[in-house]
Amino acid sequence: MKIIILILSAVVFVECGHTFMGTNVLRPLVQHHKAKFSSYIFRKRVEYYNYTLPRIYIVNGESIKGILAYDLTDSSASANITQGGIGYNYFNLRMKSERGKKLYYDIYVYV
Ligand SMILES: *[C@@H]1O[C@H](CO)[C@@H](O)[C@H](O)[C@H]1NC(C)=O
Ligand SMILES: *[C@@H]1O[C@H](CO)[C@@H](O)[C@H](O)[C@H]1NC(C)=O
């Protein structure tokens, strides 16, 4: 899958609904989540994906090094980290659909 090959370092990019921050160079993937929500008629849909690292990583002093939210719809959805994120052991990701469109994000977390 092409997302796995996407390697970036120390950047933040937001493009066409995709959001990437931190780095995934040689970082293990700790979480892959598909966030899929149907559309609301005439309305934007806002949903959160809140993630906390498993305890085993936290006790080892690990923190989140990379977050990729890949928009699988071809709409102008957007995704933002609203709390936590790089350097933390948790984050809240806010996803917002285009009016009347569904939300479908592929979320990858690296430590
Ligand atoms: C995620 O966190 C936000 C606050 O940032 C909160 O409004 C929302 O209810 C939380 N969602 C879940 C599923 O816990
Ligand atoms: C969320 O991300 C969009 C781009 O996808 C950006 O324009 C907007 O300012 C961000 N909002 C917040 C609250 O960070």
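Order of listing sets the numbers, starting from 1, for every ligand and every atom in it. These values consider heavy atoms only, across backbone and side chains, with no hydrogens, waters or symmetry-generated copies. Predicted model, so just to flag it, every value in this text is computed and none were measured.
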message: Any protein heavy-atom neighbour for atom 14 (O) of ligand 1 (distance below 4.0 angstrom)?
response: yes
query: Can you tell me the protein heavy atom closest to atom 7 (O) of ligand 1 and the distance?
result: Y48 CE1, 4.0 Å
- line: re atom 11 (N) of ligand 1, the protein heavy-atom contact at minimum distance is N50 ND2, 2.8 Å
statement: Those residues at least two apart in sequence (or on a different chain) that pass ring pair (Phe, Tyr, Trp, His ring centres under 6.0 Å) with Y40 are none
message: If we set the cut-off at 4.0 Å for heavy atoms, which region of Q83 has an atom near ligand 1: side chain, backbone, both, or neither?
response: side chain
- request: Just say parallel, tilted or perpendicular for the rings of Y90 and Y88, cut-offs at 30° and 60°.
  value: perpendicular
- request: Closest by any non-hydrogen atom to atom 4 (C) of ligand 1: pick that one out of T82, N92, L93.
  value: N92
- request: Sequence neighbours left out, what passes side chain to side chain contact (heavy atoms under 4.5 Å, CB included) with I86? Give chain and number order.
  value: M21, I64, I67
- prompt: Should the ring pair Y51 and F91 be called parallel, tilted or perpendicular, given that the plane angle runs from 0 to 90° and is split at 30 and 60?
  reply: tilted
Minimal non-hydrogen separation, A35 against I107, with atom names: CB-CD1, 4.1 Å
